[in-house]
Amino acid sequence: MKLVLVAVGQRLPDWAQTACDDFAKRLPPDARFELRTVKAEPRGHKTVAALRAAERERIEAALPKGARLVVLDERGSTLTTAALARQWLQWQQQGDDVALLIGGPDGLDPALKAAAQQSLRLSDFTLPHALARLLLIEQLYRAWSLNAGHPYHRE
């Protein structure tokens, strides 16, 4: 199983990029994590539906074939870190690649949400895109470390 984070937005502030890179590098090769970024649709005079549809096409092109889709959405289910670690183990047992999707400023296209097998919420707070990406990568690292028996996670 490979975990692929597909995120809209190719450029993060330097502080966020540095932190995301740090946590991604901490994951060992056997964790099989990959970040794929797609370009956000230029805002201009387009409708929100048109923006989301254009970004959906880019996201779909970046998805691994046959991957389980997990969208990050404010209305999704919440997981504790321990629950995310258990979820990771379940994903591994199922054997399919998992694509975690973070939408652009206007969120994800409804068709992507409908196609997803799972919807997760990172926080009750509204988070800027860079912080959401960082939080997710950090929590994936923490979940992996918990599964690996490392002392990084303490309860």
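This is a predicted model, so every value here is computed, not measured.
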Worksheet item: Counting heavy atoms not belonging to Asp14, are there more than 12 under 6.0 Å from its CG?
Response: no
Discussion item. Nearest 0.5 angstrom please: Leu100 CG to Gln118 CD, how far?
Written reply: 8.5 Å
Practice prompt. For Arg142 and Phe23, run side-chain contact (heavy atoms from CB on, under 4.5 Å): C-alpha distance rounded to whole Å, both residues' side-chain angles, the deciding distance at 0.1 Å, then the answer.
Written response: CA-CA 9 Å; Arg142 192 176 290 260; Phe23 281 108; over 6 Å; no
Fill in: Check: Pro110 main-chain N/O paired with Arg52 side-chain donor or acceptor under 3.5 Å
no
Discussion item. Within this structure, what is the CD-CD distance for the pair Gln10 and Gln17, rounded to the nearest 0.5 Å?
Written reply: 11.0 Å
Worksheet item: Roughly how far apart are Leu12 CG and Arg133 CZ, rounded to 0.5 Å?
Response: 4.0 Å
Fill in: Charged N-O contact under 4.0 Å between Glu55 and Arg43
yes
Discussion item. Are Leu3 and Tyr141 connected into the same hydrophobic cluster when the rule is that any two of I, L, V, M, F, W, Y join if their side-chain heavy atoms are below 4.5 Å apart?
Written reply: yes
Worksheet entry | Phe33/Ile137 under side-chain contact (heavy atoms from CB on, under 4.5 Å): CA gap, chis, key distance, verdict | CA-CA 9 Å; Phe33 172 78; Ile137 294 172; 4.0 Å; yes
Discussion item. Let me confirm one number: the CD-CZ distance from Glu60 to Arg56, rounded to the nearest 0.5 Å.
Written reply: 5.0 Å
Item to complete: Measure the CZ-CD distance between Arg58 and Glu41 for me, rounded to the nearest 0.5 Å.
Response: 4.5 Å
Worksheet item: What do you reckon, is NZ of Lys46 surrounded by more than 12 foreign heavy atoms closer than 6.0 Å?
Response: yes
Fill in: Atom of Leu51, atom of Pro42 and distance for their closest heavy-atom approach
CD2-O, 3.4 Å
Item to complete: Nearest 0.5 Å please: distance from the CZ atom of Arg68 over to the CG atom of Asp96.
Response: 8.5 Å
Response to the item:
Given the options Leu134, Leu136, Leu122, Leu72, Leu127 meets side chain to side chain contact (heavy atoms under 4.5 Å, CB included) only with Leu122
Discussion item. How close do Asp109 and Ala49 get, counting heavy atoms only, and between which atoms?
Written reply: OD1-O, 4.4 Å
Worksheet item: Apart from Val38 itself, what residues make up its hydrophobic cluster, given side-chain heavy atom links below 4.5 Å?
Response: Val4, Val6, Val8, Ile59, Leu63, Leu69, Val71, Leu101, Leu108, Leu112
Discussion item. Determine whether Asp22 and Arg26 satisfy the following criterion, salt bridge (charged side-chain N to carboxylate O under 4.0 Å, His left out), listing intermediate values before the conclusion.
Written reply: CA-CA 6 Å; Asp22 178 58; Arg26 291 183 193 193; 2.9 Å; yes
Practice prompt. Return the minimal non-hydrogen interatomic distance between Pro28 and Trp144, and the atom names on each side.
Written response: CG-CZ2, 3.2 Å
Worksheet item: Taking atom CZ of Arg121 as the centre, does the number of heavy atoms from other residues, nucleotides or ligands within less than 6.0 Å exceed 12?
Response: yes
Worksheet entry | Closest non-hydrogen atom pair between Ala82 and Leu146, with its separation | CA-CD2, 3.6 Å
Response to the item:
Taking every heavy atom of Pro64 against every heavy atom of Arg36, the minimum-distance pair comes out as N-NH1, 3.7 Å
